[in-house]
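If you're wondering where the values come from, they're calculated on a predicted model, not measured in any experiment. Quick note: numbers below take in every heavy atom, side chains included, and nothing from hydrogens, waters or symmetry partners.
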2 protein chains.
Amino acid sequence: MKAPENIEIAGEPIPLSLRLQRGELLAADCPSRSVLKHVTSQWGVLVLLVLLEGTKRFSEIRKKVNGVSEKMLAQTLQSLESDGFLIRKSFPVVPPHVEYSLTPLGMEVATHVSTLADWIESNLTRIIDARNHIQSK
Amino acid sequence: MKAPENIEIAGEPIPLSLRLQRGELLAADCPSRSVLKHVTSQWGVLVLLVLLEGTKRFSEIRKKVNGVSEKMLAQTLQSLESDGFLIRKSFPVVPPHVEYSLTPLGMEVATHVSTLADWIESNLTRIIDARNHIQSK
DNA sequence: TGTGCGTACTTACTTTTAGTAAGTTTATCA
DNA sequence: TGATAAACTTACTAAAAGTAAGTACGCACA
């Protein structure tokens, strides 16, 4: 993260608590890097998309996100939870019943992720056309 | 990709060539998956951000994207080029001089990537706060 | 009393990917 | 003659992802 500079407006210093500390993704040691990794990880993106539809059980997410293994899904859910993007609600029953849903913070990222995902889905043919065009050179 | 269904409007079938085939990221074998991988790869995201600023040389990109190795940068640039997101212009000089710039297609994705990246940078403190809150439970 | 079932994981192991460091190329300049 | 610079490439190691099997446990059924 950027070290907060001593900004002031009209001679009045802005209190630290009110100043927003912006992350810098281009800085190798900025904590935003790990957030980006979690959010844009292969399965992270897809899990966020699915959870935008609403609360889902572990097994439901697994069914929707075609190809994810139980191990990777569990891992992905844990990292997204640890970043505060989703909450895990476990019911004390057997067999286990666990529900995942986006937090307000999670909905915000997921919305941006969804926009990007939509663009890719919508423009797939353009991309494939471009691919073929480049290949044939 | 979704198999094109036989859609028609007002009794008139839409020719295959005109119908847009949407990708489906949730389908394991959809080609959109590899595009997503390239675009949201750790270094792919950051390269796209840097190239939004304009044409850049290999070494300039490497300097801006803190932490990327030459190997990974070369690999990332190649995959983004193969998807038609950027063009590589090599000048026949020694030492080598190579310039990379976004294609119109690349600018579109990069814009969406940038929106997501901006959100993460802007909300880092919220995320870190959420992280700490979760940890302390 | 025991056997199987369902769900959400976890663990051990293999394969793939990423990271690191050193090498390659070649015109130009000291 | 030899060092230099820029953009890669290659060989090797470390880390991450994929695969498959195991674990926990309360309930239903035999």
Asker: Using a heavy-atom cut-off of 4.0 Å across all strands, would you classify B:Phe91 as base, sugar-phosphate, or nothing?
Answerer: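 Since no nucleic acid heavy atom lies under 4.0 Å of B:Phe91, the category is nothing.
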
Asker: I'd like to check the side-chain hydrogen bond (donor to acceptor under 3.5 Å, both in side chains) partners of B:Lys64; sequence neighbours left out, ordered by chain and number.
Answerer: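 side-chain hydrogen bond (donor to acceptor under 3.5 Å, both in side chains) check on B:Lys64 returns B:Glu53.
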
Asker: Taking side-chain hydrogen bond (donor to acceptor under 3.5 Å, both in side chains) as the definition, give me every residue that meets it alongside B:Glu121, ordered by chain and number, with sequence neighbours left out.
Answerer: A:Arg22

Asker: Please state how far atom CZ in A:Arg57 lies from atom P in C:dG6, giving the value in whole angstrom units.
Answerer: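 Spelled out: CZ on A:Arg57 to P on C:dG6 is 13 Å.
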
Asker: For nucleotides 20-30 of chain C, just jot down a letter per nucleotide in 5' to 3' order: B, S or -, based on protein non-hydrogen atoms under 4.0 Å.
Answerer: B-----BB---

Asker: Can you give me the closest heavy-atom contact between B:Ile120 and A:Val35, atom names plus distance?
Answerer: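 Smallest interatomic distance, heavy atoms only, reads CG2-CG1, 3.9 Å.
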
Asker: Using a 3.5 Å distance criterion without hydrogens, assess whether the side chain of A:Gln75 forms a donor-acceptor pair with backbone atoms of A:Met72.
Answerer: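 Checking the backbone N and O of A:Met72 against the side chain of A:Gln75, no donor-acceptor pair under 3.5 Å is found.
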
Asker: Which donor-acceptor pairs under 3.5 Å do side chains of residues 112-119 of chain A form with protein atoms, sequence neighbours excluded?
Answerer:
residue  : atom : partner  : partner atom : Å
A:Thr115 : OG1  : A:Thr111 : O            : 3.0
A:Trp119 : NE1  : B:Glu108 : OE1          : 2.9

Asker: Considering residues at least two apart in sequence or located in another chain, which fulfil the side-chain contact (heavy atoms from CB on, under 4.5 Å) criterion with B:Asp129?
Answerer: none

Asker: Please list, by residue number, the residues of residues 31-43 of chain A whose heavy atoms come closer than 4.0 Å to an atom of DNA chain D; answer none if no residue qualifies.
Answerer: A:Gln42, A:Trp43

Asker: Run through the side-chain heavy atoms of Ile, Leu, Val, Met, Phe, Trp and Tyr, join any pair under 4.5 Å, and report what else lands in B:Val94's cluster.
Answerer: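 Noted: B:Val94 shares its cluster with no other residue.
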
Asker: Could you work out the complete set of other residues in the hydrophobic cluster of A:Phe91, with links drawn between I, L, V, M, F, W and Y side chains under 4.5 Å apart?
Answerer: A:Val93

Asker: Does A:Arg33 use its side chain to pair, donor to acceptor, with the backbone of A:Leu25 at less than 3.5 Å?
Answerer: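 Present.
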
Asker: Quick one: list whatever passes side-chain hydrogen bond (donor to acceptor under 3.5 Å, both in side chains) with B:Arg62, sequence neighbours left out.
Answerer: none

Asker: So, using side-chain hydrogen bond (donor to acceptor under 3.5 Å, both in side chains) as the criterion, who are the partners of B:Ser69 when residues are at least two apart?
Answerer: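 In terms of side-chain hydrogen bond (donor to acceptor under 3.5 Å, both in side chains), with neighbours along the sequence ignored, B:Ser69 is linked to no residue.
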
Asker: Using a 4.0 Å cut-off on heavy atoms, which residues in residues 58-66 of chain A reach DNA chain C? List them by number, or say none.
Answerer: A:Phe58, A:Ser59

Asker: What parts of residues 75-88 of chain B reach DNA chain D, counting only heavy atoms under 4.0 Å away?
Answerer: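 Within this stretch, B:Gln78, B:Arg88 sit under 4.0 Å of the strand.
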
Asker: Are B:Gln42 and B:Val65 side-chain neighbours, meaning at least one heavy-atom pair lies under 4.5 Å?
Answerer: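 They are not in side-chain contact.
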
Asker: Between B:Leu46 and B:Val68, is a side chain to side chain contact (heavy atoms under 4.5 Å, CB included) present by the stated rule, with each step listed?
Answerer: CA-CA 10 Å; B:Leu46 302 179; B:Val68 72; over 6 Å; no

